[in-house]
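Protein chains get the first letters and strands the later ones, always in sequence-line order, with residue 1 at the start of each.
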There are 4 protein chains.
Amino acid sequence: MLIHVDPGDELAIYDQIVRQIKFAIANGIVLPGELVPSVRELAKQAAVNPNTVARAFRELQIEGVLETVRGTGLAVTKAAPKRCRSDRLELIRVRLRAVLHEALQSQLETAEIRQITDEELSRLHELATHTPRNGSRE
Amino acid sequence: MLIHVDPGDELAIYDQIVRQIKFAIANGIVLPGELVPSVRELAKQAAVNPNTVARAFRELQIEGVLETVRGTGLAVTKAAPKRCRSDRLELIRVRLRAVLHEALQSQLETAEIRQITDEELSRLHELATHTPRNGSRE
Amino acid sequence: MLIHVDPGDELAIYDQIVRQIKFAIANGIVLPGELVPSVRELAKQAAVNPNTVARAFRELQIEGVLETVRGTGLAVTKAAPKRCRSDRLELIRVRLRAVLHEALQSQLETAEIRQITDEELSRLHELATHTPRNGSRE
Amino acid sequence: MLIHVDPGDELAIYDQIVRQIKFAIANGIVLPGELVPSVRELAKQAAVNPNTVARAFRELQIEGVLETVRGTGLAVTKAAPKRCRSDRLELIRVRLRAVLHEALQSQLETAEIRQITDEELSRLHELATHTPRNGSRE
DNA sequence: GTGGTCTAGACCACC
DNA sequence: GTGGTCTAGACCACG
């Protein structure tokens, strides 16, 4: 499970980690009972401070997505996949709603908004296609 | 020119004000040479701290959208409308791009994203229709 | 609102703060809408690191007991008193239950347990009476 | 001598084992000179890591409750029963005191505390009666 | 090895 | 002034 963090993002680093782990669980990349990467390991991989990772994990623990296995690590709970799947949609939806609200408020027409959305989607799609996983083609 | 501020929004209050003023200028609600409301007046109307309004105005001055008219107040510059019109699209676009990026990264399909967008748009549209501008019909 | 922290306690410092603030709210020492002491102030008063206080506050915020007032501080929510009152009993009850469970498991008789409880209660009561608030008589 | 461990308990697993062994000795379930179960056996029975059991035994050796019998195992010392009997009360007392202290500090009345104690005691007693030792009646 | 806690100090955004 | 985030580094308990 790889986590990529963008320090320039509007979201806090710990929140980016929280979300990406939820997405990974929602998509079955880690299964219930399995351990997520250790704090130190994930911190090294994502090049952030271990405390920041720990904070993300704490949040996930409070939400019941992860549980500690004493002296062993953090495991995905049984209830996590279901919760993460519904969370995934909601997390996106909330952010999207805020942006669309502002767009409408700024007098943009619905048609214009749809067009911009499509433009951005295809731009992102292209980007993803040309730099498959690690940007090796760059 | 009415400003509505949502303290719960992810955007800072001063930023919400900045953006709404730009939108108003882009849409010709205030024209070049016209004065924007005073700090105190706008602060009262939007129920925020005067310092916050001042901060927003300072930002707009730096960007060349507003200019001081000695002893009178702040006026919309001649160059403002054009700049604000192009800004408007870009401001929305940047926020939208970030959300769409996360959506794709979370393995949502393009089709799903379009569907959610449409759902949210119609929900917001309905909301706007039923509580026109200030909720006076309630 | 004074917070006293015991570094030797089995409970983490941040948890002691969380609990004491809940107790203060439950007992009406701070009312809804009022601000709790600032992070820096409480940190100084209780002689702990500001981060530790911040962590306690974050926890209380997640639980809906406190809410941020941007740039101003943290306020007690409207729903807090009710929640804290019921929490108070539950927090105590859970700890008490664990101890009593161990006592019974160790073959202590119910009567003995009651007796120890009474002994400890009166000892604590005495202690509190003789060192009223700040131990000035010492 | 059966050991039951609760991973969710606030006490460390090794500490739960230490305490239960002391209780067993205090109650004469194992007598001086008798061997306690081997690390491996106890680990299997309680479903915990052998290291954890070893840690508990080490602790008990340091306290002079157990002693090694070369090539044979760990035996209860002659001095153990007396020490464990007095320990038993003290171990319980210390935990109980901490909880009662917090209860008083939270402004609960002595009478209320006694009532909660009785409620919890009878609840635990009932539970114990209905699922005698190992839940065989279920 | 693991996570949990705490300290210290820095920087930022907001009001 | 306020809270929020992040880094760095330390120590502890657990397995």
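Place A:Pro37 and C:Thr72 on DNA chain E by their nearest nucleotides, and A:Pro37 ends up nearer the 5' end. The nearest heavy atom of DNA chain F to D:Leu11 and to C:Phe57 marks one nucleotide each, and the one closer to the 5' end goes with C:Phe57. Heavy-atom distances to DNA chain E give each of C:Ala47 and C:Gly71 a nearest nucleotide, and the one nearer the 5′ end belongs to C:Ala47. The residue among C:Val69 and A:Ala12 whose nearest nucleotide of DNA chain F is located toward the 5' end is C:Val69.
Atom P of nucleotide E:dC6 and atom CG of C:Asp9 are separated by 11 Å, given to the nearest angstrom. Between the CD atom of C:Glu41 and the C1' atom of F:dG1 there is a distance of 12 Å, given to the nearest Å. Separating the CG atom of C:Asn51 from the C1' atom of E:dG4 is a distance of 15 Å, rounded to the nearest angstrom. Between the CD atom of A:Gln16 and the P atom of F:dT5 there is a distance of 12 Å, given to the nearest Å. Atom-to-atom, CD of A:Glu67 to C1' of F:dC14 comes out at 17 Å; the value is rounded to the nearest Å. B:Ile13 places its CD1 atom 4 Å from the P atom of E:dC15, with the value rounded to the nearest Å. Residue C:Asp15 contributes atom CG, which lies 14 Å from atom P of E:dG4 at whole-angstrom precision. Rounded to an integer number of Å, the gap from CZ of D:Arg58 to P of F:dG15 is 12 Å.
Not a single donor-acceptor contact under 3.5 angstrom links the side-chain atoms of A:Asn49 to the base of F:dG9. Side-chain atoms of C:Arg40 and base atoms of F:dG3 include a donor and an acceptor less than 3.5 Å apart.
F:dC14: Watson-Crick or G-U partner is E:dG1, with both key distances under 3.5 Å. For E:dG9, the paired base is F:dC6 (Watson-Crick or G-U wobble, both distances below 3.5 Å).
A:Tyr14 has its side chain out of reach of A:Val48: every pair of non-hydrogen atoms, C-beta onward, lies at least 4.5 Å apart. In this structure, the side chains of C:Val76 and C:Leu31 stay at 4.5 Å or more apart for every pair of heavy atoms. Taking 4.5 Å as the limit, every side-chain heavy atom of B:Lys44 sits out of range of all side-chain heavy atoms of B:Arg40. Side-chain contact between A:Leu60 and A:Lys22 is present, with heavy atoms from C-beta onward closer than 4.5 Å. At a threshold of 4.5 Å between non-hydrogen side-chain atoms, the residues C:Arg83 and C:Thr77 do not count as touching. In this structure, C:Arg95 and C:Leu11 have side chains that are in contact, with non-hydrogen atoms separated by less than 4.5 Å.
The phosphate of F:dT5 has OP1 or OP2 within less than 4.0 Å of a side-chain N or O from A:Arg55. In this model, the phosphate group of E:dG4 is approached by a side-chain N or O of A:Gln61 to a distance below 4.0 Å at OP1 or OP2. In this structure, A:Ser38 does not reach the E:dG1 phosphate: none of its side-chain N or O atoms is under 4.0 Å from OP1 or OP2. Contact check, A:Thr68 against E:dG3: no side-chain N or O comes under 4.0 Å of OP1 or OP2. The side chain of A:Thr52 places an N or O atom within less than 4.0 Å of a non-bridging phosphate oxygen (OP1 or OP2) of F:dT7. At the phosphate of E:dC6, neither OP1 nor OP2 sits under 4.0 Å from any side-chain N or O atom of C:Tyr14.
When the nucleotides F:dA13, F:dG3, E:dC14 are ranked by their closest atom to the side chain of C:Val39, F:dG3 comes out on top.
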